[in-house]
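Everything below concerns the one structure shown next.
So you know, we letter chains A, B, ... as the sequences are listed, proteins then strands, and number each from 1. Computed from a predicted model, the values in this text were never measured in an experiment.
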2 protein chains.
Amino acid sequence: MKILDEGSAASAAEPSGAQRGPATADAAEGARAEGPAAVGLRERKKRARREALIDATHRLVARDGLDAVTVDAICEEAGVSTRTFFNYFDSKDDAVLGHAPWPLTDEAAETFATGGPTGDLLADLRVLVTHVLETPPTGHDRMRRGFELAAHEPRLLAKHIAWMERSKGELTALLTRRLGDDPSHPLDVVTTLVLFVTHTAVMRWDANGGEGDAADQVDAVIADIRALVAP
Amino acid sequence: MKILDEGSAASAAEPSGAQRGPATADAAEGARAEGPAAVGLRERKKRARREALIDATHRLVARDGLDAVTVDAICEEAGVSTRTFFNYFDSKDDAVLGHAPWPLTDEAAETFATGGPTGDLLADLRVLVTHVLETPPTGHDRMRRGFELAAHEPRLLAKHIAWMERSKGELTALLTRRLGDDPSHPLDVVTTLVLFVTHTAVMRWDANGGEGDAADQVDAVIADIRALVAP
DNA sequence: GCCCGAATTGCAGTCGGTGCAAGTTTGCAC
DNA sequence: GTGCAAACTTGCACCGACTGCAATTCGGGC
């Protein structure tokens, strides 16, 4: 986590100088400080490239708008071949959002599945969502800039929701382990509600200027739902 | 509404015989019965083509899967030019889902905006959602087949959610008129929750084999949310 | 230094989607 | 029914996203 935060602080703060030409040098430098002692050069370069691509995409999209930016342009900006771009992301949109498999395979997940930490379903879901929101795969600020841009591009919002939808399977598995076949909380409602709470929390966090943590909004959102739906 | 139901019953039940060649004749016939006495030929043809395209898409996608079906194939099946396809739909995906602007500009919307019918927010939302679910723009069965296919194609589900997201603006406008700036029910939560309830209700309805009306599920979903989120 | 596997790259090709400039068809008035 | 304007359809040329393949380069362990 710290790795990403540092990395992003270094290379993402502002477009630096490199407006033109290959930014390979910058990117490589951006990844100089790695966390877990011995991370191979290979791995560092990979991360650096990935972040360079995301940053390049953000820069161009912020300036020209999503549809006006071609993948070729992004690649030129980042100094890689078009083909390589698609080795990193499945689509142009994914690059804006920095989409990557979210690491839910934590002890947090395990704890939740086995009935912890409190034993109360809602409270534990809250913990789970909070935990997920606090450990993004790409670093807070890059994530935030992705959302910033997504807020103005409906298609991106859709992609993001679709991406969340995909993790529904994972969540369902977790819930099944925990709930067994307890019919009092149908899976479809629980999973979908979790997703929507998460989504709304992130959106509010972004709307508030990204201050603090997205997780801070979770409680407020739940409270609002409760108020609306109360008998 | 009855128009569409009749039309779909006639031409959509099964692929009939026309597996090959222009289905223009079939399509034209499918639209023979128009509701509001005098609907111009132009309008009838338009609807017929639209439905023919949706049906052709459904047929091919059901057989070969979304990605294996090209727009050209759909057009050949339906007997129109490729260019025409895109006069009717913005994308291949939209054709599967039969997406069209949803007519929310009813008295129902007006009633809701002005505080009716009951005066209780939740109850009135329920009425609104129910009303919307009972008057689909393309006919129940076509809608159902769209969902059927969407359930197996993640991308389609995403598109559908995105499409709902788009109507959020409309809903927000409605809510603003009704609520003014009542801070006790933040707009983002209300709109998102409405979408969520609608979506889940439709999914359940589909999972139950499409018996009855999607609206029937709305109450159950709300009850489940309440149970989950209760203090 | 040397070799293996991983990552990058160029290329050729498919498909989705759009703008434009003809045709055709429909609605309408006379 | 004739004629005209508006609405639709269609073919065509074109762009850009994305993929599979085969050649090449590059990092890491020996």
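Residue S91(A) is in sugar-phosphate contact alone, with no base atom involved, counting any heavy-atom pair closer than 4.0 Å across all strands shown. Using a 4.0 Å heavy-atom criterion, one finds that Y88(B) contacts the sugar-phosphate atoms exclusively. Nucleic acid contact for N87(A): base, since at least one base atom lies under 4.0 Å from a heavy atom of the residue.
Contact annotation: T70(A) does not reach the phosphate of dG16(D) (side-chain N/O to OP1 or OP2, under 4.0 Å).
The structure places CZ of R49(B) at 6.5 Å from NZ of K45(B), a figure rounded to the nearest 0.5 Å. Here the CG-NZ distance, from L157(B) to K168(A), works out to 7.0 Å after rounding to the nearest 0.5 Å.
Counting distance only, with no hydrogens placed and no angle test, the side-chain atoms of R83(B) and the base atoms of dG19(C) include a donor-acceptor pair under 3.5 Å.
Exactly one residue among V71(B), I74(B), T70(B) makes a side chain to side chain contact (heavy atoms under 4.5 Å, CB included) with T82(B). That residue is V71(B).
Between the K159(B) side chain and the A150(B) main chain, no donor and acceptor come within less than 3.5 Å of each other.
The bend of the helix from dG1(C)-dC30(D) to dC30(C)-dG1(D), defined by the angle between the axes of its first five and last five pairs, stands at 20° to the nearest 10°.
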Distances for protein N/O vs nucleotides 22-25 of chain D N/O pairs under 3.5 angstrom?
none

Could you go through nucleotides 27-30 of chain D and list every protein N or O atom that sits under 3.5 Å from one of its N or O atoms, giving the distance for each pair?
| residue | atom | partner | partner atom | Å |
| --- | --- | --- | --- | --- |
| dG27(D) | OP1 | K45(A) | NZ | 3.0 |
| dG27(D) | O3' | R42(A) | N | 3.4 |
| dG28(D) | OP1 | L41(A) | N | 2.7 |
| dG28(D) | OP1 | R42(A) | N | 3.1 |

